[in-house]
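Here the structure comes first, spelled out in structure tokens, and everything after it is commentary.
In what follows, every heavy atom counts, from backbone to side chain, and hydrogens, waters and symmetry copies are set aside.
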Amino acid sequence: QQEKGRLLNESVAQNMAGFSVAFPPIIDMHTGTWSGLEALCRWHHPELGLVPPLIFIPETERQGLIIPIGYWILEFAIEQCMSLKLNCYEDFFLTVNVSPLQLMDTNFAENLLDLLEKYKFPPNKLYLEIKDADGSAMSGFARSILQKVRSGGVRIILDDFHPGHTTTNNLSSLPVDCLKSERAFMQNSQDSLLPYFLSALAAVAQTNGLAYIAKGVELLRHLETIKDSGANYAQGYFLSKPLDRYALEKRLECFVLPQEKLFPLAPEPVNISQWLSRQNNM
């Protein structure tokens, strides 16, 4: 563990050597097109290989490296989206995960808003994803930081939300614009119960005037269930794996044209002349 920590420090000191960002698309369930992208940090070290985020992210938090790394991810993702002109799509949005430790940085809000101004990235197209299972990210100073960036136009996603979430009863008082369910919820729920759980999540979101993103779509049945649940957006490997900038550039048409995997879920087109003919023969 100490060796990983040392190598992590070296990578950050060497201008973020080995770090990259992957972008899993977020699909609009009403149109079947890509609407958003999530920015996911990746770390590939010459000695360690590809290190899973579940291993290196906690280490970055333990060492206090999450502040510079988090800012680098924000800037890299924003710059990539601007270079691909994704900001020109009316419904496009970018989501970036933010650690509760980043929200304890007194300069976080100011630096973020300055970054948006630097790249002329529309603030309302940026969503910060906050995991808040125990409520710590939405209390005291951190909440004031979120309210400040939100007043600047940036939007907030409450990530890994589930029906038994501790903040369900006071969502209306939180600086939140969107809910995202956790991947494990989709994977571990019984098939017979999943539609009810997803509908409950969608109902909670709609009642509070929030959008809802269903995460962890890895099978066709997941997608079919989500379609009927009332979710606004879906995300997962069945729809698309995370893409690097170059793979993303080759699939920009997906922001305009519906994904083929969503075609079977679309209603059959109606031939008006055939329909009238059938009515006349009845």
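- A salt bridge links E75 to K118: at least one charged side-chain nitrogen sits closer than 4.0 Å to a carboxylate oxygen.
- A distance-only check finds a donor-acceptor pair linking the side chain of S229 to the backbone of I226 [under 3.5 Å].
- Between V96 and A39, the shortest heavy-atom contact is CG2-CB, 4.1 Å.
- A donor-acceptor pair shorter than 3.5 Å can be found between the side chains of E59 and Q63.
- The distance from atom CD1 of I157 to atom OH of Y127, rounded to the nearest 0.5 Å, is 7.0 Å.
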Report the C-alpha separation of D244 and R42 in whole Å, then their side-chain angles, then the decisive distance to 0.1 Å, and conclude whether the salt bridge (charged side-chain N to carboxylate O under 4.0 Å, His left out) test is met.
CA-CA 10 Å; D244 62 23; R42 297 289 184 259; over 6 Å; no
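- F121 and Y71 end up in the same hydrophobic cluster when Ile, Leu, Val, Met, Phe, Trp and Tyr side chains are linked at under 4.5 Å.
- In this structure, CG in L179 is found 11.5 Å from CG in D160, a value given to the nearest 0.5 Å.
- Closest approach of P25 and L37 over heavy atoms only: CA-CD2, 3.8 Å.
- Scanning all heavy atoms of the two residues, the minimum distance from P122 to N87 falls at CD-CB, 4.0 Å.
- Here the side chains of L8 and L65 are in contact, with some heavy-atom distance below 4.5 Å.
- In this structure, the separation between CD on E61 and CZ on F56 is 10.5 Å, given to the nearest 0.5 Å.
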Under the side-chain contact (heavy atoms from CB on, under 4.5 Å) rule, what do K131 and E182 come out as? Steps first, then yes or no, please.
CA-CA 10 Å; K131 287 183 174 63; E182 58 182 330; over 6 Å; no
Test side-chain contact (heavy atoms from CB on, under 4.5 Å) on H45 and S11 and set out the steps.
CA-CA 8 Å; H45 191 271; S11 293; 3.7 Å; yes
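- No side-chain heavy atom of T33 sits under 4.5 Å from any side-chain heavy atom of F255.
- For the atom pair C88 SG and M82 CE, the distance stands at 7.0 Å (nearest 0.5 Å).
- If you take CG on N232 and CG on L210, they are separated by 9.5 Å, rounding to the nearest 0.5 Å.
- I55 and I57 end up in the same hydrophobic cluster when Ile, Leu, Val, Met, Phe, Trp and Tyr side chains are linked at under 4.5 Å.
- Under a hydrophobic clustering in which Ile, Leu, Val, Met, Phe, Trp and Tyr are joined whenever their side-chain heavy atoms come within less than 4.5 Å, directly or via other members, V154 and L174 fall into the same cluster.
- The residues D177 and R150 are annotated as salt-bridged, a charged nitrogen and a carboxylate oxygen being separated by less than 4.0 angstrom.
- Residues L243 and S240 are in side-chain contact: their nearest non-hydrogen atoms beyond the backbone lie under 4.5 Å apart.
- Proximity of V21 to Q80: side-chain heavy atoms (C-beta onward) are nowhere separated by under 4.5 Å.
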Criterion side-chain contact (heavy atoms from CB on, under 4.5 Å) on N9 and V12, from CA distance to verdict:
CA-CA 5 Å; N9 263 286; V12 173; 5.9 Å; no
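- Between L74 and L128, the closest side-chain pair of non-hydrogen atoms falls below 4.5 Å.
- Across every non-hydrogen atom of C41 and P53, the tightest pair is O-CG, 3.9 Å.
- Listed here is the closest heavy atom pair of S181 and L201: CB-CD1, 3.8 Å.
- In the hydrophobic cluster analysis, where Ile, Leu, Val, Met, Phe, Trp and Tyr join through side-chain heavy atoms closer than 4.5 angstrom, F19 is grouped together with L248.
- Within the 4.5 Å cutoff, side-chain heavy atoms of P24 are placed close to those of L40.
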Donor-acceptor list for residues 100-116 side chains, cut-off 3.5 Å, not counting sequence neighbours:
residue, atom, partner, partner atom, Å
Q102, OE1, S99, N, 2.8
D105, OD1, N107, N, 3.1
N111, ND2, N107, O, 3.2

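- Between the K125 side chain and the E90 main chain, a donor and an acceptor come within less than 3.5 Å of each other.
- Counted by atom type alone, E38 and T95 present zero donor-acceptor pairs between their side chains at under 3.5 Å.
- The shortest side-chain heavy-atom distance between K180 and Q235 falls under the 4.5 Å cut-off.
- Residues R155 and L126 have side chains not in contact (no heavy-atom distance under 4.5 Å, counting atoms from C-beta outward).
- Between E224 and K227, no side-chain nitrogen of the basic residue sits less than 4.0 Å from a carboxylate oxygen of the acidic one, so the salt-bridge criterion is not met.
- Nearest heavy atoms, Y89 versus V256: CE2-CG2, 3.8 Å.
- Taken from CZ in F23 to CZ in R251, the straight-line distance is 15.0 Å, to the nearest 0.5 Å.
- The ring-ring contact (aromatic ring centres under 6.0 Å, His included) pairs that include a residue from residues 204-242 are F93-Y233, where partners are two or more places apart or lie in different chains.
- Atom OH of Y119 is surrounded by more than 12 heavy atoms from other residues, nucleotides or ligands within 6.0 Å.
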Go through it in stages, so that I can follow the logic: the residues are R245 and S83, the test is side-chain hydrogen bond (donor to acceptor under 3.5 Å, both in side chains), and I'd like the CA-CA distance, side-chain angles, deciding distance and then a yes or no.
CA-CA 10 Å; R245 188 241 193 260; S83 70; 3.0 Å; yes
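- Residues I213 and L94 are members of separate hydrophobic clusters, defined by side-chain heavy-atom contacts under 4.5 angstrom among Ile, Leu, Val, Met, Phe, Trp and Tyr.
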